[in-house]
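A quick write-up on the structure given underneath.
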Amino acid sequence: MARQSAKLRENLRNKENAIVLLTEQVTKQELSGPRPVRNGSQRSLPDTEDQVQKMRDILEAYKEKLAFLNEEIVSQNNLRTEMAGREEVLLGMITDWEAKHARLESRLLYSLKDMASGKVKSILGSPEDEVSRIRQRILDEALGGSEADAHVKAVTECDRYGFFVSRLHYTNEEYLERKALEAERRQRLVNLRKDPSSADLSAKWDSFLTKQTRLLQKSEELKNLMRIGCPDGHRGRVWKSCVEWRVSAIKTVKGVGYYQSLVKDTAKPLASSAAKQIKIDLCRTLPNNVHFMNMESDMIPRLEEVLLAFSRHNPAVAYCQGMNRLVAVALLFLNEEDAFWCLVAIVEYLLPGYFTINMIEAQTDQRIFRDLFATKLPELFSHLSQQLDPTLYSFNWFLTVFVDNMHPDIFLPIWDAFLVEGKKVLFRFSLAMFKYFEDVLMEITDQNLANKLLRNLGDRVTDLRKLQAIAFETLNPFPMKLVKARRAVHLPEIMAEMQQLEKLRASVSQSHSNSNNQEEDDL
C-alpha cells in the first residue's frame with residue numbers, strides 16, 4: 001500500500017512538471033505570435049493557432065489525469081489509514097493473547113511441577129491409577145519427550161539473543177519450574193511492550209540519538225535512559241561509546257592496528273597456561289546459547305580470538321575464569337575488536353583488581369557490600385547471617401556482572417547502567433536482588449533451602465521494572481562517599497591479612513623443607 005502511494009505521488013509530480021512546461025510553452029506562443037523562419041519564409045497564422053489548440057487540448061487532458069490521480073491518492077491514503085488502524089487493533093489483540101497464554105502456561109507448569117514432586121495426589125476423586133496416567137501424559141507433553149529431544153526443541157526455540165532453556169542437567173521438577181518462570185517473565189515483557197511508557201521510551205531514545213554525533217557524550221540524559229535500558233537496535237552503538245570513554249587514552253598510546261597486531265601474535269603456537277585454560281573454558285562460557293554451545297558454534301572462534309588477544313595485551317592478568325562470559329555478552333552486540341576493548345574497559349578500568357591472583361579489590365568490595373547490606377536491609381541481613389554468608393552469592397554477581405545467574409532480558413539492562421556509571425551499579429542491583437525476594441527469604445529458616453534459593457536467585461527475577469525501581473529508588477540515598485570510606489577501612493585489613501597468610505605459607509614451606517632435610521640426614 002505504501003509503495004503504491006509513493007508511485008502515485010511520483011507520477012503526480014511528473015504530470016505536474018509536464019503541465020507547467022506545456023503551460024509555459026502555450027503562454028510564450030500566445031505572447032510572441034508567429035516567429036520568422038530562418039530561411040525568411042513565415043508560418044501561416046492558422047498553423048500556429050492549430051498548434052496552440054493542440055497544446056491546450058493536451059494540457060486539459062493532463063489536468064483531467066491530475067485530478068484523477070489526486071482522487072486516487074486520497075483514496076489510497078484513506079485506505080492505508082484504515083488498514084493501519086486495523087493492524088494496530090490486531091497487534092493489540094495478539095499482545096493480549098500472548099500475555100494470557102504466557103500466564104496460563106506459567107500456572108500450568110507450576111501445577112505440573114507440583115505433580116512431578118508428588119504434591120498432587122488426586123484429581124476430582126479419580127482412581128489413583130487414572131490419576132497416574134493423566135499426570136504422566138501431561139508431564140511427558142510438558143517435558144517434550146526425552147532429554148535429547150527436549151534439548152533440540154529448546155535450541156530451535158531460542159530467544160533473540162540465542163539463549164534457550166535446556167532440560168539437560170536438571171531434574172524434571174527443576175526444568176518445569178524454569179519453564180514456568182520463563183513463561184511468567186515473557187508475560188511481563190509482553191505487558192511491558194503494551195505499556196504506553198515503552199513507546200515514550202523508544203521515542204526518547206530516537207530523539208536523544210538524533211542529536212548525538214557518532215561517539216556519544218556523557219550526559220545526565222544518557223545516564224537516566226541507560227538506567228531504564230537501551231533498545232537492542234541501539235545497544236551496539238551505545239556500548240561502543242561507553243567503552244570508548246574508558247579506553248580512548250590507551251588506544252591513542254597503542255596506535256591504530258593494535259588489536260590486529262595482537263591477533264597476529266596469538267595466531268602463533270602458544271603453550272601458556274592461559275591459552276590452555278581459555279581452550280578448556282570456551283564451551284563452558286554460555287552453554288545455554290546457540291552461539292557458544294559447542295566448538296562448532298559460530299561465535300566460539302571469535303571468543304577465543306578476543307581472549308587470546310587480551311592475554312597478549314595484559315600478561316599480568318592474562319586470563320581469569322569469568323572473563324569469557326564478559327566477552328561472550330559483548331560479542332552479542334559488538335565486533336571482535338570492540339569486544340576486546342570492552343574487556344579492557346571492564347578489567348582495567350571498571351573492575352580493576354578483580355581478575356588478579358589474590359583478587360584483593362573483589363574481596364574488598366564484598367566486605368563493603370556486607371556493610372551496605374547490614375545498613376540498608378538490617379532485618380534480612382540479621383536473619384540470613386544466622387544461616388550463611390550472603391557474599392558467597394553476591395561475589396559471582398559482581399565478577400560476571402550478573403551474566404552467570406540471570407536471564408538476558410534482566411542482566412542486559414544492568415550492563416547498560418554498569419557501562420555508564422561503573423561499579424556502584426553492582427552494589428545497587430546486588431542489594432536489590434535481596435530486597436526483591438526479602439519476604440520469601442525471611443520465611444526460610446532451613447539453611448539448605450536458603451542455599452538452594454540463593455544459588456538460583458537471579459533466575460527467579462521476572463519483573464525488570466520492579467528490580468530497577470528497587471535499585472535506583474528504594475535504596476536511595478546511595479552515596480559513593482560511604483563506599484569509599486568503607487574501602488579505606490577494609491582494603492588495608494585485607495592487605496594485612498594477605499601478608500599474614502604469605503608469612504604463614506612461607507613458614508609452613510620452610511618447616512616442610514626442614515623436615516625433609518632431617519629425614520634425609522637420618523637416612
Side-chain angles (χ1 to χ4, degrees), residues 151 154-155 158-166 168-169 229-230 232 235-240 242-243 246-247 259 262-263 266 274-314 317-351 354-355 362 395-419 425-426 429 458-459:
H151 182 71
V155 171
C158 60
D159 65 16
R160 62 193 182 281
Y161 309 113
F163 289 92
F164 57 88
V165 180
S166 174
L168 299 178
H169 314 303
C230 182
D232 291 340
R235 191 165 268 134
R237 177 188 174 188
V238 177
W239 281 16
K240 184 175 180 178
C242 295
V243 168
R246 313 285 178 178
V247 302
Y259 175 74
L262 294 172
V263 171
T266 56
K276 292 178 181 177
Q277 191 60 52
I278 288 171
K279 181 70 73 173
I280 292 171
D281 286 348
L282 288 176
C283 289
R284 298 175 181 173
T285 301
L286 295 176
N288 62 330
N289 187 292
V290 293
H291 301 299
F292 302 96
M293 60 188 292
N294 55 49
M295 291 302 292
E296 287 71 41
S297 298
D298 61 317
M299 288 194 181
I300 287 292
R302 299 167 61 188
L303 173 64
E304 184 176 21
E305 176 185 300
V306 173
L307 291 173
L308 290 174
F310 184 86
S311 70
R312 293 283 190 183
H313 161 74
N314 189 336
V317 173
Y319 173 73
C320 180
Q321 288 180 326
M323 289 166 52
N324 53 332
R325 291 176 176 82
L326 301 178
V327 174
V329 172
L331 284 172
L332 294 176
F333 302 97
L334 304 171
N335 61 35
E336 291 90 329
E337 183 173 3
D338 291 334
F340 163 79
W341 288 114
C342 182
L343 182 63
V344 172
I346 293 174
V347 173
E348 299 179 8
Y349 296 91
L350 292 169
L351 298 177
Y354 266 58
F355 298 93
F395 184 85
N396 201 46
W397 300 345
F398 276 67
L399 198 64
T400 64
V401 194
F402 292 97
V403 172
D404 209 25
N405 191 246
M406 196 173 278
H407 190 276
D409 284 322
I410 309 296
F411 76 66
L412 286 173
I414 297 178
W415 272 61
D416 294 335
F418 168 69
L419 290 175
V425 168
L426 303 184
F429 275 98
D459 285 331

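Here the CG-CG distance, from L286 to N324, works out to 8.0 Å after rounding to the nearest 0.5 Å. Interatomic distance, K240 NZ to C342 SG, rounded to the nearest 0.5 Å: 12.5 Å. How far CE of M293 is from CZ of F163: 12.5 Å, rounded to the nearest 0.5 Å. From M406, atom CE reaches atom CD1 of I414 across 4.5 Å, with rounding to the nearest 0.5 Å. Atom CD1 of I346 sits about 10.0 Å away from atom CZ of R246, to the nearest 0.5 Å. Atom CG of D416 sits about 8.0 Å away from atom SG of C242, to the nearest 0.5 Å.
A 4.5 Å side-chain heavy-atom check between V425 and W415 finds every atom pair outside the cut-off. Proximity of Y259 to E305: side-chain heavy atoms (C-beta onward) are separated by under 4.5 Å at one or more points. In this structure, the side chains of F418 and L351 come closer than 4.5 Å at one or more pairs of heavy atoms. Side-chain contact between E336 and V263 is absent, with no heavy atoms from C-beta onward closer than 4.5 Å. Using a 4.5 Å heavy-atom cutoff, the side chains of M323 and L343 are in contact. Y319 has its side chain out of reach of L308: every pair of non-hydrogen atoms, C-beta onward, lies at least 4.5 Å apart. Two residues are said to be in side-chain contact when any heavy atoms from C-beta on lie closer than 4.5 Å; F164 and D159 fail this criterion. Using a 4.5 Å heavy-atom threshold, the side chains of L419 and L350 count as touching.
Contact between A309 and L262 at its shortest, heavy atoms only, is O-CD1, 3.7 Å. The two residues G229 and P413 have their closest heavy-atom pair at CA-CB, 4.3 Å. Between A318 and A274 the shortest heavy-atom distance is CB-CB, 3.9 Å. Closest heavy-atom contact between T400 and G322: CG2-CA, 4.4 Å. Across every non-hydrogen atom of T285 and L282, the tightest pair is OG1-O, 2.9 Å. Nearest heavy-atom pair across F395 and A362 is CE1-CB, 3.8 Å.
Put simply, the side chain of D281 never gets that close to the backbone of R284: no donor and acceptor are under 3.5 Å apart.
For the pair R235 and F333, the cation-pi criterion (under 6.0 Å, within 45° of the ring axis) is fulfilled.
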Check the pair F292 / L332 against side chain to side chain contact (heavy atoms under 4.5 Å, CB included), numbers first and verdict last.
-> CA-CA 11 Å; F292 302 96; L332 294 176; 4.2 Å; yes

Report the C-alpha distance between D338 and W239 in whole Å, list the side-chain angles of each, state the deciding distance to 0.1 Å, and finish with yes or no for side chain to side chain contact (heavy atoms under 4.5 Å, CB included).
-> CA-CA 9 Å; D338 291 334; W239 281 16; over 6 Å; no

Please report the C-alpha distance between L412 and V329 in whole Å, then the side-chain angles of each, then the deciding distance to 0.1 Å, and finally whether the side chain to side chain contact (heavy atoms under 4.5 Å, CB included) criterion is met.
-> CA-CA 9 Å; L412 286 173; V329 172; 4.0 Å; yes

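Residue pairs satisfying the salt bridge (Lys or Arg N to Asp or Glu O under 4.0 Å) criterion with at least one member in residues 399-411, sequence neighbours excluded, are listed as follows: R160-D409, R325-D404.
Aromatic ring orientation, H313 versus F310: tilted (interplanar angle from 30° to 60°). The aromatic rings of Y354 and F398 lie parallel to each other, their planes meeting at an angle below 30°, with 60° marking the opposite boundary.
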